[in-house]
Amino acid sequence: MLRKFREERLREIEELRRAGINPYPYKFNKTHTTQDIKEQFQYLQNGEVTDKRVSTAGRIMSLREHGKSAFFHLKDTYGRVQAYVRKDKTENFEFFKDHITVGDIVGIEGVVFKSNTGEITVLVEKFELLVKPLRPMPEKWHGIKDKEILYRQRYVDMIANDETIKRFRIRSEIIRLIREFLNAKGFYEVETPILQYLTGGASARPFVTHLNVFDIDMYLRIATELHLKRFIVGGFDKVYEIGRIFRNEGISYKHHPEFTSIELYQAYADYEDMMNLTEELVTYVVEKLFGTLKITYQGHEIDFTRPWRRVKMRDFIKERLGIDILEDSDEKMANFLKSKGVEVDIQDRGHMIEKLWDLVENEVVQPTFLLDHPVEISPLAKRHREDPRVTERFELIIFGREMANAFSELNDPVDQLERFMNQLRLRDLGDEEAQMLDKDFVRALEYGMPPTGGLGIGIDRLVMLLTDSPNIRDVIAFPLVRPEGDVDIEDLVENEALEIPTDERRERA
RNA sequence: GGGCCGCUAGCUCAGUAGGUAGAGCACCUGACUCUUAAUCAGGUGGCCGUGGGUUCGAGUCCCACGCGGCCCA
């Protein structure tokens with residue numbers, strides 16, 4: 001069927017060429033989006049006709065032919081608008097009837113009216129075929145449900161499912177609003193290396209690659225933190241970077257090896273300031289997007305109304321599990337975890353504390369600042385001014401997920417070096433996620449970094465929350481999937497001299 | 001890594017007890033000048049994920065593998 005369909009289409013394209021019609025024309029002057037048309041002509045009464053001319057373009061998603069007339073819907077970035085062709089009104093109506101069908105991308109020009117049934121419609125006077133696809137469109141009513149197609153061929157998902165285009169529009173909008181907010185506050189957007197000699201700023205396993213020109217292995221960054229702080233050392237007061245982070249770890253509904261973060265640093269600020277900034281930034285985005293601070297995620301109401309709850313990590317775990325992560329012995333924690341059936345790979349107090357938190361994180365649903373993490377799990381955060389066993393750190397937790405992480409940044413180079421050395425001890429214990437010693441970073445701190453507040457937000461998780469998406473892959477346009485078998489396009493090519501090789505990625509597999 | 005589920009037409013899905021492969025949409029032909037899942041009549045379309053096994057006979061039962069999903073680690 002597919003083969004036959006493509007052959008028929010290729011024949012039709014040849015036919016068009018012979019008739020002097022270019023099936024792949026160069027441009028079309030589109031004056032209105034589908035949304036513009038629907039907004040500007042909302043006021044029309046049913047059956048009311050205007051003489052207002054518009055031109056628009058998009059893909060034909062549905063077609064209802066009636067002999068000497070036809071209705072169809074055009075889809076673009078913003079949605080769909082109906083159009084109407086008629087033998088007595090549309091130039092070249094016969095061409096439409098013979099050659100235009102669902103899936104074609106066309107440009108139309110005409111006047112706007114509202115149908116008797118109340119739908120804003122363009123009465124087409126002229127139209128132009130802009131491309132004739134070789135493949136059939138997905139089913140118009142059910143769209144695409146097969147997750148494999150959604151992820152591997154996102155373009156098909158976007159064609160078939162209007163919500164998908166909308167979701168990625170919102171993603172773009174969220175990032176735009178974050179920039180708008182920070183730029184207005186005087187932050188500079190900067191860029192730091194993705195290729196790094198050694199990598200740090202987070203506990204994660206890095207990707208390794210090779211730089212030919214120096215013949216050395218390099219890492220893809222696992223965070224932007226250590227370089228952004230160098231900007232602060234150098235004299236920038238407020239910087240941020242939005243960018244791709246790479247962590248060579250598992251894939252789950254909330255993890256993806258390649259994801260997007262924003263980190264920002266503000267000199268002369270502490271984590272209290274960062275909490276206020278986080279509240280302000282997130283509520284700015286939510287309010288601008290939805291006009292309200294209450295949203296629904298997977299059937300649960302999430303209320304962003306300020307101020308958000310603040311709870312110390314120690315208090316929360318003690319309340320839920322009866323374990324005091326500051327006072328109780330390693331042995332008591334180990335026994336407790338064992339009784340819960342939790343395995344701890346690395347025998348270290350910090351790792352046990354992380355596991356304890358994992359047991360209770362799902363109990364936090366509404367936006368909550370989890371405060372004052374122990375020093376051993378926060379190697380880049382400054383010690384708390386009132387209790388040196390913990391740090392001035394918070395994580396923003398929503399719906400059991402870490403959405404943001406922030407500290408009063410550690411700027412004492414001696415303490416920082418000690419923290420790094422402790423991380424090296426963990427490496428020796430087999431913890432491949434422990435941080436590497438970045439001597440240049442310590443050297444930078446020796447030149448003096450002002451007191452600084454820093455904040456990192458996981459953009460993908462924020463987008464999941466604000467688009468009601470259950471899986472992080474739903475908000476990453478082209479998520480990782482295992483390489484598929486060879487993609488069959490051979491029979492499209494008539495020229496036998498053109499030998500199409502098998503997909504390279506399959507060869508490597 | 002472990003458990004469970006799925007893979008049938010371009011898409012969404014049926015497939016009984018192991019006995020010649022089905023529907024809707026899409027596509028092709030025809031009718032139809034306000035339809036909107038348009039309607040009506042006719043038609044085309046299948047490596048049933050891949051490989052092996054059991055059987056007179058496998059989409060269906062068994063084994064292995066591939067890809068995907070969900071849950072757990």
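The sequence lines fix the lettering, A, B, ..., with proteins before strands; numbering per chain opens at 1. Values in this document were obtained by computation on a predicted structure and should not be read as measured data.
Separating the NZ atom of Lys147(A) from the C1' atom of rC11(B) is a distance of 16 Å, rounded to the nearest angstrom. Atom-to-atom, CD1 of Ile144(A) to P of rG68(B) comes out at 17 Å; the value is rounded to the nearest Å. For the pair Tyr155(A) OH and rC11(B) C1', the computed distance is 15 Å after rounding to whole Å. To the nearest angstrom, P of rC32(B) lies 16 Å from CZ of Arg86(A). Per the geometry, CG belonging to Asn161(A) stands 12 Å off C1' belonging to rU12(B), to the nearest Å. Nucleotide rC28(B) holds its P atom 11 Å from the CG atom of Asp98(A), rounded to whole Å. As rounded to whole Å, 12 Å separates atom C1' of rA26(B) from atom CE of Met61(A). In this structure, Lys68(A) places its NZ atom 11 Å from P of rC34(B), rounding to the nearest Å.
Aromatic ring centroids of Phe72(A) and Phe96(A) lie under 6.0 Å apart.
Contacts of Asp88(A) with the nucleic acid, taken as non-hydrogen atoms under 4.0 Å apart, include base atoms. Using a 4.0 Å heavy-atom distance criterion, Glu119(A) is classed as a base contact. At the heavy-atom level, Phe93(A) lies nowhere under 4.0 Å from the strands shown. Across all strands shown, Arg482(A) has heavy atoms under 4.0 Å from sugar-phosphate atoms exclusively, and none from any base. Nucleic acid contact for Asn471(A): sugar-phosphate only, since backbone atoms but no base atoms lie under 4.0 Å from a heavy atom of the residue. Among the atoms of the strands shown, only primed sugar atoms or phosphate atoms (P, OP1, OP2) are found under 4.0 Å from some heavy atom of Tyr151(A). Residue contacts for Gly103(A): at a heavy-atom cut-off of 4.0 Å it reaches no nucleic acid atom on any strand shown. Counting non-hydrogen atoms under 4.0 angstrom, Lys145(A) reaches the backbone sugars and phosphates but no base.
Between rC67(B) and Arg152(A), no contact under 4.0 Å exists linking OP1 or OP2 to a side-chain N or O. Contact between the side-chain N/O atoms of Thr121(A) and the OP1/OP2 oxygens of rU35(B) is not found at any separation under 4.0 Å.
Spacing between rU55(B) and rA17(B) at atom C1', rounded to whole Å, works out to 15 Å. Across rC4(B) and rC62(B), the matching P atoms stand 13 Å from one another, rounded to whole Å. rG46(B) sits 12 Å from rG10(B) when the C1' atoms are compared, rounded to a whole Å. rG45(B) and rC40(B) have their C1' atoms separated by 22 Å, with the value rounded to a whole Å. Atom P of rA14(B) sits at a distance of 31 Å from the matching atom of rA73(B), rounded to the whole Å. Taking atom C1' in both rC32(B) and rA41(B), one finds a spacing of 12 Å when rounded to whole Å. Across the P atoms, rA58(B) and rG18(B) are found 14 Å apart, a figure rounded to whole Å. When the C1' atom is compared between rG43(B) and rC25(B), the two are found 16 Å apart, to the nearest whole Å.
Considering only side-chain atoms of Pro136(A), the nucleotide from rG10(B), rC27(B), rC34(B) that sits closest is rG10(B). Of the candidate nucleotides rU12(B), rC28(B), rC67(B), rU12(B) has the atom lying nearest to any side-chain atom of Asp146(A). Closest approach to the Glu148(A) side chain among rC67(B), rC11(B), rC27(B) is made by rC67(B) (side chain taken as heavy atoms from C-beta onward). Each of rC11(B), rC34(B), rG10(B) was ranked by its minimum atom distance to the side chain of Ser115(A); first place goes to rC34(B).
In this structure, Phe246(A) and Phe207(A) have perpendicular ring planes: the angle between them is above 60°, well past the 30° mark. Ring geometry for Phe95(A) against His99(A) counts as tilted: the plane angle lies between 30° and 60°, on a 0 to 90° scale.
Of all nucleotides present, none satisfies the Watson-Crick or G-U wobble test against rC32(B) with each distance under 3.5 Å. Applying the Watson-Crick and G-U wobble criteria (two distances, each under 3.5 Å), rG19(B) pairs with rC56(B). Pair assignment for rA14(B): none, as no Watson-Crick or G-U wobble contacts are both less than 3.5 Å. Pair assignment for rG6(B): rC67(B), on the basis of Watson-Crick or G-U wobble contacts that are both within less than 3.5 Å. With a 3.5 Å ceiling on both atom-pair distances, rG45(B) lacks any Watson-Crick or G-U wobble partner.
No more than 12 heavy atoms of other residues, nucleotides or ligands shown are found within 6.0 angstrom of OH on Tyr78(A).
Nearer to the 5' terminus of RNA chain B, by closest-nucleotide assignment, is the contact made by Val102(A) (compared with the other of Lys87(A) and Val102(A)).
Minimum heavy-atom separation, Arg349(A) to Ser329(A): NH1-C, 3.9 Å.
Between the side chain of Gln347(A) and the backbone N or O of Val344(A), at least one donor-acceptor pair lies under 3.5 Å. Using a distance-only test at 3.5 Å, with no hydrogens or angles considered, no donor-acceptor pair links the side chain of Arg167(A) to the main chain of Asp162(A). Distance alone, capped at 3.5 Å, places no donor-acceptor pair between the Arg247(A) side chain and the Glu258(A) backbone.
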_Does the protein touch nucleotides 37-48 of chain B at the base, only the backbone, or not at all? Give it as B, S and - per nucleotide, heavy atoms under 4.0 Å._
BB-----SS---
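Screening Glu354(A), Glu395(A), Lys312(A) for a side chain to side chain donor-acceptor pair (under 3.5 Å) with His373(A), the sole residue that qualifies is Glu395(A).
Between Glu363(A) and Arg320(A) a salt bridge is recorded (basic side-chain N to carboxylate O distance below 4.0 Å).
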